[in-house]
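The chains referred to below are lettered A, B, ... by the order of the sequence lines, with proteins before strands, and numbering in each begins at 1. All of these numbers come straight from a predicted model, not from anything done at the bench.
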2 protein chains.
Amino acid sequence: MTGLRADNHLAARQSLAERFHRWSTQAFDLSQCPVRGVLNALGDKWTTLIVMVLSQRAHRFSELQRAIPDISKRMLTQTLRDLERDGLITRRVFPTKPPSVEYALTALGLSLLDPLVNLIAWAEHSQSQIAAARSAFDEAA
Amino acid sequence: MTGLRADNHLAARQSLAERFHRWSTQAFDLSQCPVRGVLNALGDKWTTLIVMVLSQRAHRFSELQRAIPDISKRMLTQTLRDLERDGLITRRVFPTKPPSVEYALTALGLSLLDPLVNLIAWAEHSQSQIAAARSAFDEAA
DNA sequence: CAGAATCCAATAGGATACTG
DNA sequence: CAGTATCCTATTGGATTCTG
C-alpha cells in the first residue's frame with residue numbers, strides 16, 4: 001500500500017473542504033457559521049482552562065479561583081456566565097449563609113471534552129515543532 | 001454493562017485532569033502552557049477559516065481574499081504571517097511580474113486538520129443545543 | 001462567599017491610502 | 001498582485017471598590 005501515510009489526513013481535508021463549501025454557498029455570511037461562535041468562545045483567555053478544571057469534578061466559585069490563580073473575579077464570573085448561557089455548565093446556588101455556588105459540566109459540556117482533548121494532545125505534541133519554526137522565522141528577520 | 005454511555009467521556013476527563021495537574025505543578029505560570037498559544041491562535045477571527053480554505057489546495061493571496069470576502073488585506077496578511085511563523089503554512093514567492101505568492105499547508109499544518117475537523121464536527125452537531133440553551137437563558141432574563 | 005459596578009489600559013481589527 | 005503604513009474604533013481584560 002503506497003501513500004498510506006500521505007493520505008493520512010485525506011478524510012479530514014475532504015471533510016473540511018466540504019463543510020467550507022457548504023457554508024460559503026448556503027449562508028454567505030461566514031461570520032454566522034456555527035463554528036465561529038464555538039471557536040472564538042474556546043479561543044478566549046479562560047474558557048478552556050475552566051472546562052479543564054471542571055472536567056475533574058464540580059467546583060465552587062472560590063475553588064475555581066484557587067485552581068486558576070491568575071484569573072480575576074470579573075473574568076471568572078463572565079466566562080462562567082457565557083458557559084452557562086451556552087449550556088455547557090450548570091450553576092447551582094445553595095442558600096446557605098454565606099451562599100455557595102457550584103459549577104459543573106452538563107452532558108453537552110462533557111461531550112466537548114473528547115474533541116478538546118484531541119486538540120490539546122495535538123498542541124502538546126506539536127509545541128516543539130512550533131517553537132522551532134518560530135525561532136527560525138524570527139531569526140531570519 | 002451499566003454506565004457504558006455514562007463513562008463515554010471518562011478517558012477524556014482523566015486525560016484532561018492529568019494534563020492540567022501536570023501544568024499547574026510543573027510550570028505554575030498557566031499563561032505559559034503550550035495549549036494557550038495554540039488555542040488563542042485558533043480562536044482569533046480568521047485563522048481557522050484560512051486553514052480550512054488551504055486544506056483544499058494551495059491558494060494565492062488574492063484567491064484567499066475572494067474565498068473569504070469579508071477579510072481585510074491587513075488581517076489576511078497578518079494572519080498568514082502568524083501561520084507561517086508557527087510553521088503551519090509555507091509562503092512561496094514567484095518572481096513573475098506582477099509577483100504572485102502561494103500559500104500552502106505544511107505537514108504540520110495538515111496534521112492539525114484531524115483534531116480540527118473533530119472540533120468542527122462537534123460544533124456543527126451541538127449548534128442546535130447551544131442555540132436552544134442561549135434562548136432559554138436569555139428568556140429567563 | 002459570590003458576585004456587581006465602575007474605571008482604565010492593552011489589544012484586535014476595520015478603513016483608507018500608498019508602493020514595488 | 002501582494003502587500004505596507006497610518007489612523008481610528010471596538011472589544012478584551014485587569015484593578016479596584018462596593019454589596020447581600
Of the nucleotides D:dC1, C:dA2, D:dG14, which one has an atom closest to the side chain of A:Met75?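 For the A:Met75 side chain, the nearest candidate turns out to be D:dG14.
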Nearest listed nucleotide, side chain of B:Lys73, among C:dA4, D:dA2, C:dA2: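 Closest nucleotide to the B:Lys73 side chain: D:dA2.
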Does any residue of residues 79-102 of chain B have a heavy atom under 4.0 Å from DNA chain D, and if so, which ones, in number order?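 Those residues whose heavy atoms fall under 4.0 Å from DNA chain D, taken from residues 79-102 of chain B in numerical order, are B:Arg81, B:Arg91, B:Pro98, B:Pro99, B:Ser100, B:Val101.
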So, does the side chain of A:Lys45 form a donor-acceptor pair with the base of D:dG13 at under 3.5 Å?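 Answer is no: no donor-acceptor pair is held.
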Spatial distance of atom CG (A:Leu113) from atom CG (B:Leu10) [nearest 0.5 Å]: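 It is 10.5 Å, given to the nearest 0.5 Å.
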Starting at CG of B:Leu88, measure out to CD1 of A:Ile130 and round the result to the nearest 0.5 Å.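 Reported value, rounded in 0.5 Å steps: 5.5 Å.
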B:Tyr103 side chain N/O closer than 4.0 Å to the phosphate oxygens (OP1, OP2) of D:dG3?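 Affirmative; the distance criterion is met.
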If only side-chain N and O atoms of A:Ser62 are considered, is one of them under 4.0 Å from the OP1 or OP2 phosphate oxygen of C:dA2?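 True: A:Ser62 side-chain N/O within range (under 4.0 Å) of C:dA2 OP1/OP2.
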Check the pair A:Lys45 / A:Ile71 against side chain to side chain contact (heavy atoms under 4.5 Å, CB included), numbers first and verdict last. CA-CA 9 Å; A:Lys45 204 171 177 184; A:Ile71 194 173; over 6 Å; no
Once you round it to whole Å, what is the distance between [atom2] of [N] and [atom1] of [X]?
X       : N      : atom1 : atom2 : value
A:Ile68 : D:dG14 : CD1   : P     : 12 Å
B:Asn40 : D:dG13 : CG    : P     : 9 Å
B:Arg36 : D:dT12 : CZ    : C1'   : 13 Å
A:Gln78 : C:dA2  : CD    : P     : 19 Å
B:Asp44 : C:dT11 : CG    : C1'   : 13 Å
B:Leu76 : C:dG13 : CG    : P     : 13 Å
B:His59 : D:dG3  : NE2   : P     : 15 Å
A:Leu64 : C:dC1  : CG    : C1'   : 13 Å

A:Ser126 side-chain N/O to A:Gln129 backbone N/O, donor-acceptor pair under 3.5 Å: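 Not a single qualifying donor-acceptor pair exists.
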Backbone of B:Ser55 reached by a side-chain donor or acceptor of A:Arg13 within 3.5 Å: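 Judged by distance alone, yes, a pair lies under 3.5 Å.
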Pick one: which of B:Arg92, B:Arg91, B:Glu63 meets side chain to side chain donor-acceptor pair (under 3.5 Å) with B:Tyr103?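 Exactly one option meets the side chain to side chain donor-acceptor pair (under 3.5 Å) with B:Tyr103, and it is B:Arg91.
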Which residue, B:Asp82, B:Asp86, B:Thr79, B:Leu80, forms the side-chain contact (heavy atoms from CB on, under 4.5 Å) with B:Thr47?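 Of the listed residues B:Asp82, B:Asp86, B:Thr79, B:Leu80, the side-chain contact (heavy atoms from CB on, under 4.5 Å) partner of B:Thr47 is B:Thr79.
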Determine whether the side chains of B:Thr77 and B:Arg81 contain a donor N or O and an acceptor N or O closer than 3.5 Å.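 Result is no, nothing qualifies.
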If you count the non-hydrogen atoms of other residues, nucleotides and ligands that lie under 6.0 Å from CZ in A:Arg57, is the total more than 12?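 Buried by this count: over 12 neighbours within 6.0 Å.
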Between the protein and nucleotides 5-10 of chain C, list the N/O to N/O atom pairs that are separated by less than 3.5 angstrom.
from  : atom 1 : to      : atom 2 : distance (Å)
C:dT6 : O4     : A:Arg74 : NE     : 3.4

